[in-house]
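Worth knowing before you read on, the calculation uses all heavy atoms, side chains too, and leaves out hydrogens, waters and symmetry mates.
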Amino acid sequence: MAPEPLKPRITVLISHLTFDGQPSKLTRTLNEILPRYEQQADIQIVETSVEKLLSTAKALEQAQGADILICSDASAEFLRKHITTTILSFRMGEYDLIRALNVAKERGTKAGILTHQRTLKELEEMSGLFTVEISQAVYTSLHDARDKVRDFVDQGIRVIIGSPTVVDLAEAAGAEGVFAINANAVRLTLDDALAICHSRAEEAHNHRRIHAVLKHMNEGVVALDASGKVFSVNDSMNTLLHPLRSIAIGDQAKTHFPDIDLNGVLTSGTAIESHLSAVGSQRLAISVLPIMENGQIDGAILTCQEIREIQRTERRLRAQSRPRHFIAKYDFDQLAGKDTAFQNAVQLAKLYAHSDSTVLITGESGTGKELFAQSIHNASERQQMPFVAINCAAFPETLLESELFGYDDGAFTGSRKGGKPGLFEAAHNGTIFLDEIGDMPIHLQTRLLRVLQERQVLRLGASEPTPINIRVIAATHRNLQQQIASNQFREDLFYRLNVLNIPVPSLRQRSSDIALLSHLIATNLTQGDIRHEQGMNEVLQTLMPKLLNHPWNGNIRELENIIERAFLFSRFPDNPQPLSTLFPELFASEARQQPVSEVPAENLHSFGKAAEISLIRETLDANNGDMNKTAKALGISRSTLWRRLRRAQGQTQS
């Protein structure tokens, strides 16, 4: 039975100008919250003075008393320069600030907000919503903070909001200090700390797993003593070096690996990782790790792998660790439609599935561009590899960069320990789908262009790029040529993306498919229930003329919404609401952009009699009573039109 994992150790470090041993307000808040975290982590609170902040933090680190430290912004910024323990700062949300500003309102005074190094831009944007006059300032040191507090007091500000140190300074200057962090903010920060700890545990587990896999590979291993002599070598090493002279115990390792700085490893303790070397006919990756004993270098382990074997192992590992949500669900069988333009797009997509070139899919929103992308992936040789989709318009600019390219450890405040791979890396050996590429910020377009050219991705904060093997499919509803003309899209990126092009027609351009698509969507909703199918068919027959005349600005997505609404109506036929109330967009005559005379004739035969007569009359009205134009628009002969009108007249009289 495996031992229970140790609980994460979290220390909340609170500093004051002077510390008299009495618990602060923040400490009291923490003590109310901590009981709910007893089963999840060992959390301790340490209060100290500003003067002793660094020595206290170093003592905690030396004693290995905490996995993570939590403190205020200024303290966190200072300590990160002097200790290696992960440090988080308290998260301050808009609600915390509003609560603090209410204190100033109650006191009938102006409010001063003093923050470390940066102002709160979101507060400036919301300043017009407050009835309290707000002044913001930043500080870079304790001395600077003291001066800024005095400036606030001189301006008549009697409520000052900030960190515990700022609160102490405010109260020393005769103002009221407010610590703008409440219990909810403390919980959010503790939850962040727990998430980081759990992520580390998961990464450690993954590392052990990778190590176990590598141990069973045909990896060559040589053990060296402190002088560089071989005292152990495995058979795999000599197999890799064949037909060169085998390594024997007692040999000086540098005679076998002259391009490896073994003396540097044995004297400095600096490891060599994955040095590429040509040994005979083999291309090898050689790593050298020092062996440390009581703080002294006591030898080294040299490992050697054949490059092709590493590549095969990497592919297996990436496939094993592929997230389940990076899977394409749709294929070409699910792209329904008989319209010529739509079928041309499908045939193009099927052809492009056999290529590895970049594809640009264009079309209005809601036309199913991602379905085309997934179908291409599932018909390609990459179908067993990841399909990673990202909407370039759905992420804030700052998040989009880290999501696409990833980041290294310490790239920015609050970044995950050890860094995080981006979506380009997650798509390795598979397909990345960049939806709404026309909305990508211009500076990220530059980085994307480099990825497409070099097939390498550079994480934020990294110095070495990571090679990737991906197929890129992009999509947009925008006119990229117009965006190029207005300097919103890079022309060189456009030509990199527009290698293979698929224009997906809008629903109004393929109105002959409306009846087919409506029935397919309805069938999925009724799920084989005959009673519901009958009711649904009746509703569709009634609505079909309106569906055929609707402009469909939302395309298939809008059609799905209306059919789902029709399904609900069909289940409750006694509902007193008229159709014009349930489907206002279909009955708003001013919203019609496609005249009835343009309705494809082949749809006429799919209607019931009542719907057919209604369509004929609407088409006749649209053509001002011209029988020839009406018959041509409906795709029937003039005599057939006369016959059906006379039949309709007879039904009316009876």
Side-chain angles (χ1 to χ4, degrees), residues 5-17 19 21 23-34 36-38 40-93 96 115-118 140-142 145 162-168 179-204 407-419 461:
L6 295 176
K7 292 181 183 178
R9 297 166 301 170
I10 301 171
T11 296
V12 181
L13 188 55
I14 305 170
S15 61
H16 307 274
L17 284 179
F19 179 54
S24 64
K25 181 180 178 182
L26 178 57
T27 298
R28 293 194 295 272
T29 301
L30 280 161
N31 284 331
E32 294 174 0
I33 295 171
L34 293 187
R36 72 183 62 187
Y37 289 93
E38 285 181 352
Q40 302 177 60
D42 290 329
I43 303 174
Q44 66 169 332
I45 304 169
V46 176
E47 296 196 72
T48 185
S49 64
V50 171
E51 291 181 351
K52 296 181 179 179
L53 175 64
L54 180 57
S55 60
T56 303
K58 284 186 174 181
L60 286 168
E61 182 171 64
Q62 187 174 5
Q64 298 182 343
D67 299 314
I68 291 181
L69 288 179
I70 301 176
C71 47
S72 65
D73 269 343
S75 298
E77 186 71 22
F78 170 71
L79 291 177
R80 287 191 186 104
K81 299 175 183 177
H82 296 88
I83 64 175
T84 58
T85 303
T86 301
I87 302 172
L88 295 184
S89 54
F90 285 107
R91 292 174 56 179
M92 185 187 304
D96 304 314
T115 51
H116 183 250
Q117 292 192 341
R118 65 179 183 88
T140 57
S141 66
L142 178 60
S163 67
T165 300
V166 170
V167 170
D168 289 344
F179 184 39
I181 295 291
N182 68 355
N184 184 58
V186 173
R187 283 193 294 269
L188 288 174
T189 308
L190 290 174
D191 290 342
D192 285 347
L194 285 173
I196 290 173
C197 291
H198 293 155
S199 176
R200 285 179 177 173
E202 181 67 22
E203 287 177 3
Y407 54 84
D408 259 6
D409 188 10
F412 50 85
T413 301
S415 59
R416 180 194 293 182
K417 184 71 173 178

message: Working note: L69 + V46, criterion side-chain contact (heavy atoms from CB on, under 4.5 Å); need CA distance, chi angles, decisive distance, verdict.
response: CA-CA 10 Å; L69 288 179; V46 176; over 6 Å; no
message: More than 12 heavy atoms of other residues, nucleotides or ligands under 6.0 Å from CD of Q44: yes or no?
response: yes
query: If you measure from CD1 on I70 to CD1 on I45, what distance do you get to the nearest 0.5 Å?
result: 10.5 Å
message: Give me the atom names and distance for the closest heavy-atom approach of H82 to K58.
response: O-CE, 4.3 Å
statement: CZ (R80) and OG (S89) are apart, to the nearest 0.5 Å, by 5.5 Å
query: Checking side-chain contact (heavy atoms from CB on, under 4.5 Å) against C71, which of L79, L53, T11, L88 comes through?
result: L79
- request: Could you grab the distance from atom CG of L54 to atom NZ of K81, nearest 0.5 Å is fine?
  value: 12.0 Å
message: Within this structure, what is the CZ-CD1 distance for the pair R28 and I33, rounded to the nearest 0.5 Å?
response: 13.0 Å
- request: Might you work through the side-chain contact (heavy atoms from CB on, under 4.5 Å) test for I14 and L30, ending with a clear yes or no?
  value: CA-CA 11 Å; I14 305 170; L30 280 161; 4.1 Å; yes
- request: Enter the distance from I43:CD1 to I10:CD1 here, rounded to the nearest 0.5 Å.
  value: 4.5 Å
- line: Output for pair (H198 NE2, Q40 CD), nearest 0.5 Å, gives 6.5 Å
field: All side chain to side chain contact (heavy atoms under 4.5 Å, CB included) counterparts of K52, not counting sequence neighbours
entry: T48, S49, S55, T56
- prompt: What are the two closest non-hydrogen atoms of K7 and D42, and how far apart are they?
  reply: CD-OD1, 3.7 Å
